[in-house]
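Written out below as structure tokens is the structure these notes cover.
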There are 2 protein chains.
Amino acid sequence: MRKIVEIQKKLLPDLLQVMEKRYEILHRIHLEGTIGRRTLATSVDLTERVLRSELEVLRAQGLLDTAAAGMTLSESGRQLVEEMEPIVKELFGLSALEEAVRTAFGLKRVIIVAGDSDTSDHTKMELGRAGSRVLRDSLTAGDVVAVMGGSTMARMASQFATPSQMKDNWFVPARGGLGESVDYQANTIASELAKRTGARYRMLHVPDHLSEEAYQTIMQEPNVREVVDMIRSARIVVHGIGDAATMARRRKLKDETKEELVKDGALAEAFGYYFDRNGKVVHRMATAGLRLEDIEAAGIVIGIAGGSSKGDAIASVMRFGHDDVLVTDEAGATEALRHV
Amino acid sequence: MRKIVEIQKKLLPDLLQVMEKRYEILHRIHLEGTIGRRTLATSVDLTERVLRSELEVLRAQGLLDTAAAGMTLSESGRQLVEEMEPIVKELFGLSALEEAVRTAFGLKRVIIVAGDSDTSDHTKMELGRAGSRVLRDSLTAGDVVAVMGGSTMARMASQFATPSQMKDNWFVPARGGLGESVDYQANTIASELAKRTGARYRMLHVPDHLSEEAYQTIMQEPNVREVVDMIRSARIVVHGIGDAATMARRRKLKDETKEELVKDGALAEAFGYYFDRNGKVVHRMATAGLRLEDIEAAGIVIGIAGGSSKGDAIASVMRFGHDDVLVTDEAGATEALRHV
DNA sequence: GAATGTTGGACGAAAAACGTCCCGCTATGC
DNA sequence: GCATAGCGGGACGTTTTTCGTCCAACATTC
């Protein structure tokens with residue numbers, strides 16, 4: 001059963017949403033016994049006219065009887081709702097989890113894919129796909145998108161698919177070199193995204209470990225300056241989330257910095273900043289690009305991360321409070337909720 | 001798996017068709033390796049523009065790569081097609097059967113539901129539902145619909161559902177009393193259909209076994225005349241199909257008539273006429289209503305019958321050659337094909 | 001019997017789908 | 001090396017569908 005639904009998800013991307021909506025309508029009517037169109041509209045959160053079209057479909061399917069007092073489920077409608085009840089949980093169980101995470105962290109939108117990225121490569125891929133879909137749907141013409149690095153972001157980029165060219169969009173790395181391997185660098189990812197969409201991109205090459213003067217000098221370079229300005233004006237920011245210890249190791253931070261991080265309770269990392277349990281910034285990487293205030297000013301900030309092991313890091317960054325959208329997996333979401 | 005698809009069929013009636021179409025597109029591309037839009041359009045029988053929208057969806061799902069030489073399946077597209085191959089047969093197997101029956105009898109359209117009405121009540125219901133859907137979709141404003149009797153027709157009527165009122169339609173019995181029990185009479189069915197749709201109906205009460213004079217007299221009655229005229233002008237005719245022996249028994253024909261039927265090789269019955277193996281009319285019931293020439297003149301003639309046992313009767317009536325649409329079940333269709 | 005809430009019809013505005021044509025590009029065959 | 005056929009994709013006017021909004025007719029309830 002699982003398999004056919006997976007296939008359908010690919011072949012008819014918004015099938016499940018329609019299905020869920022219609023089930024919700026039937027379910028509501030089932031609960032109320034008999035209910036009027038307007039009342040129903042507010043309770044399932046549809047405009048009256050849209051609901052009406054839905055009802056026409058359901059009526060045409062013979063699932064719905066309608067009288068002057070309101071609408072009732074027909075026998076086969078009632079039967080359908082009852083048959084669906086167990087299936088619904090499996091099909092749409094994640095929606096409930098999404099809603100829970102959304103309210104817990106006060107986000108605009110949460111997308112959760114099934115599984116655990118820690119143990120399943122398939123889930124990792126799906127996480128990437130889901131992330132790319134979110135980004136695609138968020139894009140409007142002319143947007144500048146700042147992306148971060150990391151393996152999750154790389155997978156997101158490799159899964160990105162667009163129905164049409166996006167010639168007037170820009171992809172830029174959110175921050176300069178952060179010591180990642182080249183495949184996972186923000187620069188690489190920005191360029192891949194651009195390549196896959198027909199959009200344009202800029203790279204930002206800032207050597208690591210610059211002295212303050214050198215940094216200031218390089219920032220005066222017109223072409224560096226230009227990219228940085230573009231980055232800072234990004235309307236959309238997409239970033240992964242790491243746990244602090246792992247990131248520190250991978251980026252080969254100095255031992256004393258690591259100790260400092262531990263002392264400050266650094267738990268999570270995102271766009272070059274380290275966060276403690278409460279979402280407070282306790283450290284920042286020394287490189288150019290997006291500053292905290294730019295993140296606050298960005299239109300849409302999208303965080304992508306999954307896996308049970310990243311649960312607390314996700315929670316920590318979400319507490320930071322400037323993300324709008326979180327894309328994660330079942331395990332990550334469940335774990336994050338335990339750290340609210 | 002079966003179950004969830006059944007549910008989806010009810011909740012999203014044209015889901016499977018869309019799914020099939022998209023699969024067909026992917027499959028074709030898979031076969032060709034790389035193919036252009038225009039060539040593809042003719043080969044899957046879509047206009048260029050419509051195909052293009054479909055392709056955009058598929059591309060957005062990352063199933064499709066596109067180059068200057070044409071389109072190719074992406075890795076995950078190829079994977080999807082291969083995964084689907086076994087499933088397709090189960091999901092869309094009936095479409096192939098439909099097409100086979102359609103060409104075998106030169107029909108406009110064939111709808112086949114899964115199962116065997118002889119052994120499954122569920123299939124009987126589905127047959128009724130399918131029939132009602134066909135009728136609904138065939139209806140246009142102002143149409144007069146002539147319906148016959150029988151248990152299948154009764155189920156069709158009881159399953160009829162419409163999204164909106166049909167105030168300017170008429171339902172009439174195709175022919176007068178044919179000695180059926182009241183639930184299965186054409187009159188009853190016409191009235192039920194009218195009731196379920198908000199349409200109007202007329203009944204035709206003609207006693208059985210009238211003498212010729214009495215028949216002529218009653219036909220002069222203005223209100224009888226009026227109904228008969230309306231029947232004869234019906235744009236849509238819907239009828240069941242019975243096997244001759246059973247119908248003769250049920251209608252309590254005289255023994256000599258039965259013998260005559262046997263002698264003439266009567267195999268099937270529909271709208272009061274008996275047909276032999278070749279679809280030739282060998283007998284007609286003496287009652288008022290639709291004549292053969294009216295059937296020939298009707299816009300749409302819909303036959304509904306299922307069950308393995310009715311296979312040859314179905315074949316016989318289809319050979320008669322004036323049906324446009326056949327609604328049957330898997331067993332009936334398979335059996336009918338063996339009698340082509 | 002009035003008031004309230006119901007469905008369903010109607011209609012114009014907005015959006016989506018569609019048919020059609022064209023352009024620039026590339027692979028291929030000569 | 002060049003002509004050419006076939007490719008994807010952009011563009012645009014038209015048609016169809018969807019949607020918001022208002023209203024009429026009707027049943028139910030108080």
Query raised in the report: Would you say A:Ser233 and A:Asp229 make side-chain contact, with heavy atoms under 4.5 Å?
Result: no

Query raised in the report: Could you state the CG-C1' distance from B:Leu51 to C:dA17, rounded to the nearest angstrom?
Result: 14 Å

Query raised in the report: salt bridge (Lys or Arg N to Asp or Glu O under 4.0 Å) between B:Glu54 and B:Lys21: does it pass, once the steps are laid out?
Result: CA-CA 9 Å; B:Glu54 295 297 322; B:Lys21 202 76 212 177; over 6 Å; no

Requested in this report: Assess whether one donor atom and one acceptor atom, taken from the side chain of A:Arg37 and the base of C:dG5, lie less than 3.5 Å apart.
Outcome: no

Report task. Give the rounded distance in Å between these two atoms: CD of B:Glu54 and C1' of C:dC18. Result -> 12 Å

Query - Protein-nucleotide distance (B:Met71, atom CE; C:dA27, atom C1'), rounded to Å - result: 16 Å

**Report entry** Atom pair distance, as rounded to whole Å: CD1 in B:Ile29 and P in D:dC7
**Finding:** 12 Å

Report task. Quickly work out the B:Leu46 CG to C:dA17 C1' distance and round it to whole Å. Result -> 14 Å

Requested in this report: Answer yes or no: side-chain N or O of A:Arg38 and base N or O of C:dT7 forming a donor-acceptor pair under 3.5 Å.
Outcome: yes

Requested in this report: Would you mind classifying the nucleic acid contact of B:Leu55 as base, sugar-phosphate or nothing, using non-hydrogen atoms under 4.0 angstrom?
Outcome: nothing

Query raised in the report: If each of B:Gly70 and A:Ala69 is mapped to the nucleotide of DNA chain D with the nearest heavy atom, which maps nearer the 5' terminus, i.e. the 5' end?
Result: B:Gly70

Requested in this report: For the residue pair B:His30 and B:His27, categorise the inter-ring angle as parallel (less than 30°), tilted (30 to 60°) or perpendicular (more than 60°).
Outcome: tilted

Report task. Identify, between A:Ala68 and A:Arg49, the residue whose nearest nucleotide on DNA chain C lies closer to the 5' end. Result -> A:Ala68

Query raised in the report: Any idea which of C:dT6, C:dG8, D:dG20 is nearest the A:Val50 side chain?
Result: D:dG20

Query raised in the report: Rounded to whole angstroms, how far apart are CZ on B:Arg52 and P on D:dC12?
Result: 13 Å

Requested in this report: Give a yes-or-no answer on whether the side chains of A:Gln159 and A:Glu126 include a donor-acceptor pair shorter than 3.5 Å.
Outcome: no

